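As the structure is a prediction and not an experimental result, all values here were calculated from the model. Values below: every heavy atom of this structure, side chains too, minus hydrogens, waters and symmetry copies.
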Amino acid sequence: MKYLLLICADPSIEVSADEGGAEEWVEEMDRRRIRLEGHALRPASEGRSVRVRDGRVLVGDGPFVETKEQVGGFDILECASLEEAVEVAAKHPAARFGTVEVRAFQADYAVTGATTEVVVRVDNSPEEVWELITDVSRIGEWSPECTGATWLDDGDGPAVGRRFEGRNRFPNGQTGVVTCEVTEVEPGRRFAWAVLDGEGWRASLWSYDLTPDSGQTIIKHTFVHAYGNSGLRQAVLNNPGDASAIIEGRLAQLRTHMAETIRAMTKTEAD
């Protein structure tokens with residue numbers, strides 16, 4: 001398990017080179033093959049704090065949070081447990097005059113970036129397909145999993161930033177409601193959206209790409225798991241030993257459903 005050590009200290013406290021030097025600690029942790037990477041940072045007074053408010057980028061000098069202790073460096077560890085990470089942190093010289101914060105990395109197990117796609121050739125024109133894929137209110141007519149969707153504003157047609165609510169019924173019988181946000185619109189060519197998790201982070205990215213070909217349309221439908229939370233991520237975290245099988249099983253399930261959705265909406269027979 002990876003852990004991040006944030007090395008914090010009050011810069012107004014004078015510390016001798018013998019007290020503050022971390023060379024011996026670094027040598028020991030490198031020898032134990034626990035420390036993967038680490039760096040000291042330039043003083044906080046030389047840094048910049050960046051905020052965006054009402055579309056304006058606000059840049060300030062130094063740390064944004066006014067605290068006596070400031071982050072002076074970091075180390076990334078690979079430890080067997082939190083207890084071992086705490087033991088390593090306690091040996092850091094900064095722990096004697098400052099604070100060493102220990103934070104675990106979010107376990108991922110290759111969920112982020114998990115991708116699948118289907119490509120289907122249909123007789124419909126790109127214009128016809130475009131009208132179908134961007135009418136989110138009709139998805140429940142075709143999808144084996146999404147039972148319906150509704151735009152969350154009074155806008156007209158797909159536009160970047162517009163949001164809609166999706167209602168799902170999963171193969172295991174569970175149901176859920178998610179908020180989706182349109183991310184790309186290229187009329188007749190590409191329609192993409194993100195599914196947001198409960199905290200507003202992007203959990204998954206979906207897209208349709210349309211390519212005209214000899215009077216037909218080649219539809220590529222793509223799914224990419226993003227960095228947010230999802231049922232797939234929770235299933236993997238609950239059963240990390242089966243992560244690969246869980247991910248591959250869900251991707252195979254999605255491919256089947258994506259192909260069925262396209263064939264249903266375009267009235268195309270399966271190959």
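The closest donor-acceptor contact from the side chain of Asp108 to the backbone of Ala110 lies under 3.5 Å. Judged by distance alone, with hydrogens and angles left aside, the side-chain atoms of Thr256 form a donor-acceptor pair with the main-chain N or O of Ala252 at under 3.5 Å. A donor-acceptor pair under 3.5 Å is absent between the side-chain atoms of Asp135 and the main chain of Glu131, judged by distance alone. A donor-acceptor pair under 3.5 Å is absent between the side-chain atoms of His257 and the main chain of Ser143, judged by distance alone. The main-chain N or O of Ala245 is never found under 3.5 Å from a side-chain atom of Asp242 such that the two would form a donor-acceptor pair. The backbone N or O of Val88 lies less than 3.5 Å from a partner atom in the side chain of Trp25, making a donor-acceptor pair. One N or O on the side chain of Arg162 and one on the backbone of Gly157 form a donor-acceptor pair closer than 3.5 Å. Judged by distance alone, the side chain of Thr183 and the main-chain N or O of Ala192 form a donor-acceptor pair under 3.5 Å. Looking only at distances, no side-chain donor or acceptor of Arg202 sits under 3.5 Å from a matching main-chain atom of Gly200. Using a distance-only test at 3.5 Å, with no hydrogens or angles considered, a donor-acceptor pair links the side chain of Tyr3 to the main chain of Leu82.
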- Between Arg189 and Asp209, is a salt bridge (charged side-chain N to carboxylate O under 4.0 Å, His left out) present by the stated rule, with each step listed? CA-CA 6 Å; Arg189 297 191 62 85; Asp209 289 283; over 6 Å; no

- Task: Decide yes or no on side chain to side chain donor-acceptor pair (under 3.5 Å) for Thr116 and Arg255, but give the supporting numbers first.
- Result: CA-CA 7 Å; Thr116 194; Arg255 283 193 297 274; 2.9 Å; yes

- In sequence, state the C-alpha distance, the side-chain angles, and the governing distance for Asn168 and Glu145, and then conclude on side chain to side chain donor-acceptor pair (under 3.5 Å). CA-CA 6 Å; Asn168 300 308; Glu145 189 166 301; 5.7 Å; no

- Message: Working note: Arg48 + Asp61, criterion side-chain contact (heavy atoms from CB on, under 4.5 Å); need CA distance, chi angles, decisive distance, verdict.
- Response: CA-CA 5 Å; Arg48 297 292 183 269; Asp61 294 335; 3.5 Å; yes

- Task: Begin with the C-alpha distance, continue with both residues' side-chain angles, and end with the deciding distance and a verdict on side-chain contact (heavy atoms from CB on, under 4.5 Å) for Leu210 and Ile219.
- Result: CA-CA 5 Å; Leu210 311 181; Ile219 304 174; 4.0 Å; yes

- Begin with the C-alpha distance, continue with both residues' side-chain angles, and end with the deciding distance and a verdict on side-chain contact (heavy atoms from CB on, under 4.5 Å) for Thr222 and Trp206. CA-CA 6 Å; Thr222 305; Trp206 296 78; over 6 Å; no

- Task: Quick one: do Val119 and Glu117 satisfy side-chain contact (heavy atoms from CB on, under 4.5 Å)? Show the steps, please.
- Result: CA-CA 7 Å; Val119 178; Glu117 66 179 37; 4.2 Å; yes

- Report the C-alpha separation of Asn229 and Glu199 in whole Å, then their side-chain angles, then the decisive distance to 0.1 Å, and conclude whether the side chain to side chain donor-acceptor pair (under 3.5 Å) test is met. CA-CA 9 Å; Asn229 198 13; Glu199 300 298 323; over 6 Å; no

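What you find for Gly228 and Arg233 is that their closest heavy atoms are O-NE, 2.8 Å. For the pair Ala194 and Leu205, the tightest heavy-atom approach, listed with the atom from each and the gap, is CB-CD2, 3.7 Å. Across all their heavy atoms, Ala226 and Thr112 have their closest contact at O-OG1, 3.6 Å. The shortest heavy-atom contact between Ser125 and Glu128 is N-OE1, 2.9 Å. Shown here for Val182 and Ala159, the closest heavy-atom pair between the two residues is CB-O, 3.3 Å. Summarising the geometry of Ala89 relative to Val102, their closest heavy-atom pair is CB-CG2, 3.7 Å, with the distance given to 0.1 Å.
Grouping the Ile, Leu, Val, Met, Phe, Trp and Tyr side chains by contacts below 4.5 angstrom, directly or via other members, places Leu4 with Leu41. A chain of hydrophobic side-chain contacts below 4.5 Å, direct or via other Ile, Leu, Val, Met, Phe, Trp or Tyr residues, connects Met258 to Leu132. The cluster map of Ile, Leu, Val, Met, Phe, Trp and Tyr, joined by side-chain heavy atoms under 4.5 Å apart, puts Val178 and Val224 in different clusters. Note: the hydrophobic cluster containing Leu237 does not contain Phe105 (ILVMFWY, side chain heavy atoms under 4.5 Å, direct or indirect links). In the hydrophobic clustering of this structure, Val52 groups with Val59; members are Ile, Leu, Val, Met, Phe, Trp, Tyr whose side-chain heavy atoms approach within less than 4.5 Å, directly or through other members.
Atom CZ of residue Arg250 and atom CG of residue Leu254 lie 4.0 Å apart, to the nearest 0.5 angstrom. Atom CG in Leu5 sits 12.5 Å away from atom OG1 in Thr99 (nearest 0.5 Å). Between the OG1 atom in Thr266 and the CD1 atom in Ile133 there is a gap of 11.5 Å [rounded to 0.5 Å]. Distance check: Gln216 CD to Asp123 CG gives 5.0 Å after rounding to the nearest 0.5 Å. A distance of 10.5 Å separates CG in Asp10 from CZ in Phe97, rounded to the nearest 0.5 Å. We find the CG-OG1 distance between Leu251 and Thr115 to be 8.0 Å, quoted to the nearest 0.5 Å.
Two residues are said to be in side-chain contact when any heavy atoms from C-beta on lie closer than 4.5 Å; Arg103 and Phe74 fail this criterion. Side-chain atoms of Glu181 and Trp193, non-hydrogen and from C-beta on, never get closer than 4.5 Å to each other. No side-chain heavy atom of Val71 sits under 4.5 Å from any side-chain heavy atom of Ile7. At a threshold of 4.5 Å between non-hydrogen side-chain atoms, the residues His221 and Ser207 do not count as touching. Between Arg167 and Cys146, the closest side-chain pair of non-hydrogen atoms is not below 4.5 Å. When side chains are defined from C-beta on, Thr217 does not count as touching Thr211, because their heavy atoms never get closer than 4.5 Å. For the pair Tyr109/Ile246, no side-chain contact is recorded, criterion being any heavy-atom separation below 4.5 Å from C-beta on. In this structure the side chain of Lys91 reaches within 4.5 angstrom of the side chain of Met29, judged on heavy atoms.
Within a 6.0 Å sphere centred on CG of Asp156, heavy atoms belonging to other residues, nucleotides or ligands number 12 at most. Summarising the local packing, CD of Gln174 is surrounded by 12 or fewer heavy atoms from other residues, nucleotides or ligands at distances under 6.0 Å.
Side chain to side chain, His225 and Ser230 meet the donor-acceptor criterion of an N or O pair below 3.5 Å.
Trp151 does not carry Arg163 over the face of its six-membered ring by the limits of under 6.0 Å from the centre and within 45° of the normal.
Considering Leu196, Leu232, Val195 in turn, Val195 is the only one that fulfils the side chain to side chain contact (heavy atoms under 4.5 Å, CB included) rule with Ser204. Glu78 pairs with exactly one of Arg32, Arg35, Lys2 by the salt bridge (Lys or Arg N to Asp or Glu O under 4.0 Å) rule, that one being Lys2.
In this structure, Trp201 and Tyr227 have perpendicular ring planes: the angle between them is above 60°, well past the 30° mark.
Residues Arg263 and Glu260 are not paired through a salt bridge, judged by the lack of any N-O separation under 4.0 Å between the basic side chain and the carboxylate.
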